[in-house]
Participant: 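Submitted below is the structure of interest, expressed as structure tokens.
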Amino acid sequence: MATVTSVPTAAGPGSEPTAAPRRRRSWRRLPVVHQLRQSVGLQRGMLVAGLVLVGVFLLTALFAPLLAPYEYAQLRDADGLFGAQQPPSGDHLLGTTVGGYDVLSRVIWGSRTALYVIVVGVLLSIVAGVLLGLVSGYFGGWLDRVLVVIADAVYAFPALLLAIIVAIVISGGQSSLWGGILAAAISIVVVFIPQYFRVVRAETVRIKAEAFVESARVIGASNRRIMLRHVLRNATRTLPLILTLNASEAILTLAGLGFLGFGIQPTAAAEWGYDLQQSLPDVTSGIWWTSLFPGLAIVLVVLGLTLVGESLNDLADPRLRTRRRVADQEPAEEGEVAAVPGGALTRGAAGVGGLGVTVAGERPGDPAPAGATGAEPADGQGAGPDVTGQDGGGTRS
Amino acid sequence: MSVVDIKDLQISFATDAGTVTAVHDVTLAVQAGEVLAIVGESGSGKTVTARSILGLLPETARVRGAVVLSSKDGTDEHDVVPLSGAKLREVRGQDAAMVFQEPSTSLNPVYPIGWQIAEGLRAHGKYTKKEARAKAIDVLRRVGIPDPEHRVDHYPHQFSGGQKQRIVIAQALALDPGVIIADEPTTALDVTVQAEILELLRRCRDDFGAAIVLITHNMGVVADLADRVAVMYQGRIVEQADVRTLFSAPKDPYTQQLLAAVPRLGQGVERTRERATRRAAGWERAAPVVEATDLRIVYPGRMRRPDFVAVDGVSFSIRPGEVLGLVGESGSGKTTIGRAIAGLTKVSDGSLAVLGTEMNGMKERTFRPVRERIGFVFQDPASSFNPLLTIADAVAEPLVVHKRAKDPRAARPRVDELLEAVQLPKAFGDRYPHELSGGQRQRASLARALALQPELLIADEPTSALDVSVQARVLELFAELQRELGFAALFISHDLAVVDLLADRIAVLYRGELVEEGTGAEVLGAPKHPYTQRLLASLPVPDPDEQARRRTHWDALRAAD
């Protein structure tokens, strides 16, 4: 076909053929980086604080063997035993525990255990939850109803109780490193699956009714193709938020298990909850260092993850997202290109052009639509002049 | 005396992409008792300008200039821009009121309508509960709600769309404001209801003495109601004139283009004749692409509600290379028929043969090969593309699914060809849907529908979400492609003028039944069914004098009912 030969040349005002469309693939579009650039004020502060805390946590876990002065189960060095409940000193920066371990080393090694639990627990629950939610939401019917009822039932079950049962089943309550991690992870998985399931299912049900899914059906695409290519990626937008919040919950579950005595043996791995429990009697006798530091580690990691999750949540919602106030100086003249999203009708010689170049599907005065897809670049932060000019390619995204 | 005086208004917004100035140096005055229409395309700043009169702008807005609002008797004057809090609330409703676009969302569903009208009255503190109720009943009667004493206690869902808009107008009129701002008051309504609401707005001016600021993109509505027109483009007023002058002698080139792009009834007759002459002999005897016989589509009722019959006993056929226009108001079943042909909705009874396949009792597996031969263009260009795929990937999708290409990359040459055919630059293939305007997206949608060279194209209101000028271009492109490729088409629309432009034959649907079918000249020239007559008469035309004549005809038709 293609006998209609008129190749359009007039692409309307403000279009630059040179603007590289691949630009969006740059590192600036990566999930967290994009939000970071987008944020301002207090929200940015929260996000940065969260990211720093999480970053320190990850680095500590990764480089634990280099950072920790001793092994997690080390009781003696060349000079003999460390001694129990030694106050902080040059040899033991944070003192030693009642069992004679070095507190600093236990705190550092503990971050590894926490990370394992997060990774195992959250990964398993995401995979299972997303798949179940997708199938359940897309096909509906009796399968959907049964799965929703099961999810509701699991919701009602206390996570910690489940974790205790699993811990006992796996290793009779006295667990090794992987026994303890799996106990925490499995209970987390069981409890978290319904969360991912519900979110993905709700999104799938919504997206199923969108015109582009219908369009795929009209084309004749198979259910599998529609689910994987059209629904899945659109349904998982909110997952990063739940992920960060669930990660903090995973740590608390592990710590809870350890605190109740169902955690990991000190000889198998370092674990903050266990150390906290061991240090309980110390508190009354004025030995503060054994409980303070593991507790602080738990609080800071959970705080960091929660801050990241909450700020991502706020930034994803255009109604909660704060923006830089309109600058006081006269806005640049080019700004008006951006003011006309439907700017299809060009004045003068170019004629009535459906080809007029347009800016994000965003009406002035209504910041909610298209913006929700996180489509706009954060490049234009610096008021007026940035909106167009060399940044134009990005602005149009 | 002017009730609203806007001077050097400039409004800018803080957005993710930086500062955007939506309105530049607008100076505008509304005289008492006149209807000022502000027209322009989406994004031209017309709504923002009008909303600034009530101080109804989002927090991200920054306003400069003056908006002076005078009370109806001329005793009081306020500049709305610096006002806030209690002072602003005092002005709202008292001096100026607002009528929104969508009547079904601008009423609170959990309160009776009488309460909602009284709420505005009581907020201004002059009425007891009893007086407010009496006043609400009175104003409901005056906007034409039958039996207001009884219906004042009804909830919004118990009214039809047109009645709801009347109630919203009653709410605006309750405090007898000097000016009413009507933001696209009839856009969400059917044509026949639109005519009634326009009539009511005219009475607001004549009986209540309220000035009206009418925001609309429909030039027919402007011709029907407005006394004076301001045309906005890119945040500026490009032309202001009295309605007759504007329609007969538009000065600004933009206004001229805008008026030229409006489809008018009767333009299609010539085209249809031309197409008919080019058809090969024996064309009428060819096997139809779509043949419906006593087609019935029922949506089953839930929870002991009766079933809803969307399409009832409809028979029609589309022959190869023919364009059938399907017209009807919302709820008439036109979209349902289109979806049934595409296999998206089940046929309940009767027969629907699509390209030789019977759709009644159809199995998806047997229909899949037929899908290759059908294209579909959806109504809403915003949602008909997967936001995460580039335009090229989306257009390549049918090619990949039907194994004409291994993957989107292999399909790229063909995709470029298709984009070119719908007059989009090749480079647009690398863009994402949200980077294109509505018109561009609808072209891409057309390219996707035509990718497999279908024998049948179903277009479900493809231009109803577009601005007038963009619509004109898309329709032209559609006609051009249809001529080149010769596919048969079902063109669904609520707009008679649009259907007239494209279709060989027009079918009119009313409440699930086909009431009239024939060529454009037959249906539009000499409508037989009373509904078609009413539909035609209530369609406003973009010419004030002609529209005044049509209005008297419409009044006569209505009186005869």
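Residue numbers start from 1 in every chain, and the chains themselves are labelled A, B, ... in the order their sequence lines are given, proteins ahead of strands.
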Participant: Pairing donors with acceptors under 3.5 angstrom, does anything connect the side chains of B/T21 and B/Q10?
Facilitator: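 On atom types as modelled, these side chains do not qualify, holding no pair under 3.5 Å.
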Participant: Which atoms of B/L389 are under 4.5 Å from chain A, going by heavy atoms: the side chain, the backbone, both sets, or neither?
Facilitator: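 Only the side chain of B/L389 comes within 4.5 Å of chain A.
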Participant: Do we see a donor-acceptor contact under 3.5 Å between the side chains of B/T390 and B/D430?
Facilitator: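 No donor-acceptor contact under 3.5 Å links the two side chains.
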Participant: Counting only heavy atoms closer than 4.5 Å, note whether B/D393 contacts chain A via side chain, backbone, both or neither.
Facilitator: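 Answer is both: backbone and side chain atoms of B/D393 are under 4.5 Å from chain A.
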Participant: Among all residues two or more places apart in sequence or in another chain, which pass the salt bridge (charged side-chain N to carboxylate O under 4.0 Å, His left out) test with A/E203?
Facilitator: A/R206
Participant: Measure distances from B/V474 to the heavy atoms of chain A and classify the residue's part below 4.5 Å as side chain, backbone, both or neither.
Facilitator: neither
Participant: Heavy-atom distance under 4.5 Å to chain A: side chain of B/R483, backbone, both or neither?
Facilitator: neither
Participant: Should B/R339 and A/E214 count as an ion pair when the cut-off is N to O under 4.0 Å?
Facilitator: yes
Participant: Tell me, side chain or backbone of A/R225 under 4.5 Å from chain B's heavy atoms, or both, or neither?
Facilitator: side chain
Participant: Not counting sequence neighbours, which residues clear ring pair (Phe, Tyr, Trp, His ring centres under 6.0 Å) with B/F385? List them please.
Facilitator: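 Ring pair (Phe, Tyr, Trp, His ring centres under 6.0 Å) list for B/F385, sorted by chain: empty.
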Participant: Checking B/H24 against B/Q234: is there a side-chain donor and acceptor pair closer than 3.5 Å?
Facilitator: no
Participant: Find the one option among B/R368, B/Q379, B/Q471, B/E364 whose heavy-atom pairs under 4.5 Å with chain A are most numerous.
Facilitator: B/R368
Participant: Among B/V377, B/N386, B/V401, B/I458, which residue forms the greatest number of heavy-atom pairs with chain A at distances under 4.5 Å?
Facilitator: B/N386
